[in-house]
Amino acid sequence: MLASCGSVFAAKIMFSKAALDAGADPFQIGVLSNLVAGSLLYLWLVAQGDSISFERRCMTLYVALGIVSVGLPTVLSFFVVDRVGPAYTATVYSLSPLLTMGFAAGLGIERMTLRRSCGIGLGFAGMVVLVQQQSASIDLAQTTWVAVGLLIPASAALGNIIRSAFWPKGASALAFACATLLTSSLVMIILSPVLSSPGRWRFDDPTIAAWLASFALVSALSSVLNFRLQCVAGPVVFSQIGYWGTGFGVVFAAVLFGDALTGLSLIGLAAIIVGGILARRQDR
């Protein structure tokens, strides 16, 4: 499941980059992909005879996740990328598993052993090795925004904990993923006028439309896999998706675009895989 989620995560990044290169607005991608993906999952949900819970507690949970897991990280990423650089934003996400592990242990959600801690640490080291070539482009002189950037992985880690601690009783992974996608799209729509120009979003370009549709389909698949993974593996294992996604991204770049796989890249990939195996919680 972790390998599947990581590969789809890497595919999402590639589809997103293709849409941006074609001229799509970043917020346009976020709003439409979540809305279309959520709608597709809702149709699938209805076809299976399942449903979303609209209890007040569940609705509060959906809104909280839309803000913490999507809204806040997206807004922060826009400002941090502009001032510190995209390499820092990509790198700082690697702190999410470490923070998730700390939150989960501190709140008593998961028991952390030396083996699991070593696994997360090894995965982090592998991630650092993979992104070390980008570190030269990071502007660390912007100390305030470097510090603000740390809130991005903190938000992602908090979202991991919230999903595990308050998973709606009896809700399937499909229903939970669907509700969160739709709520996230609503949060993005509210934020769009502040950080984007919806009036300039382009819908008439066939290339942009094709990439947006492809990204939405991959987002729907990614959400179902991600929620199922967290359901069966817990927040700490789930948080490693970024590690595995980066690893698959390196492999995809080598296979599809001819990028060279260096010795350091192979060491980083091996560290991520071994770290994922070590961090797996014991079967109950």
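Along the sequence shown, residues carry numbers from 1.
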Check: When you measure from the side chain of Ser185 to the backbone N and O of Leu182, does any donor-acceptor pair fall under 3.5 Å?
Finding: yes

Next item on the list: Find out if a path of hydrophobic residues (ILVMFWY) with successive side-chain heavy-atom gaps under 4.5 Å connects Val218 to Leu174.
Entry: no

Notebook entry, point to check: Can a donor-acceptor pair be found between the side chains of Ser184 and Asn34 at a distance below 3.5 Å?
Noted result: no

Notebook entry, point to check: Does the ring center of Phe9 lie less than 6.0 Å from the ring center of Trp244?
Noted result: no

Notebook entry, point to check: Any side-chain heavy-atom pair from Val31 and Pro198 closer than 4.5 angstrom?
Noted result: no

Next item on the list: Work out which heavy atom in Asn160 is nearest to a heavy atom in Gln230; give both atom names and the distance.
Entry: O-NE2, 2.6 Å

Note to self: Tell me whether Arg115 contacts the main-chain N or O of Leu278 through its side chain, where contact means a donor paired with an acceptor under 3.5 Å.
What the structure shows: yes

Checklist line | Shortest non-hydrogen contact from Ser172 toward Asp50 | finding: OG-OD2, 2.7 Å

Check: Between the main-chain N or O of Gly30 and the side-chain N or O of Ser33, is there a donor-acceptor pair closer than 3.5 Å?
Finding: yes

Next item on the list: Count the heavy atoms belonging to other residues, nucleotides or ligands that lie under 6.0 Å from OH of Tyr42, then report whether that count exceeds 12.
Entry: no

Next item on the list: Can you establish whether the number of heavy atoms outside Glu55 located under 6.0 Å from its atom CD is more than 12?
Entry: no

Margin query: Check whether Ser16 reaches the backbone of Lys12 with its side chain - one donor and one acceptor, N or O, closer than 3.5 Å.
Written below: no

Next item on the list: Look at the side chain of Gln240 and the backbone N and O of Ile120, then say whether any donor-acceptor pair between them is shorter than 3.5 Å.
Entry: no

Check: Going through the distances and angles, do Cys58 and Ile52 end up as a side-chain contact (heavy atoms from CB on, under 4.5 Å)?
Finding: CA-CA 9 Å; Cys58 292; Ile52 297 174; over 6 Å; no

Next item on the list: List in chain and number order the residues that pass side-chain hydrogen bond (donor to acceptor under 3.5 Å, both in side chains) with Ser239, two or more places apart in sequence or in another chain; answer none if no residue qualifies.
Entry: none

Next item on the list: Classify the ring geometry between Phe15 and Trp211 as parallel (under 30°), tilted (30 to 60°) or perpendicular (over 60°).
Entry: tilted

Notebook entry, point to check: How are the rings of Trp167 and Phe176 set relative to one another: parallel (under 30°), tilted (30 to 60°) or perpendicular (over 60°)?
Noted result: perpendicular

Next item on the list: Please check if the side chain of Thr183 supplies one atom and the backbone of Ala179 the other of a donor-acceptor pair under 3.5 Å.
Entry: yes

Note to self: List the residues meeting side-chain hydrogen bond (donor to acceptor under 3.5 Å, both in side chains) with Ser69, not counting sequence neighbours, and say none if there are none.
What the structure shows: Arg163

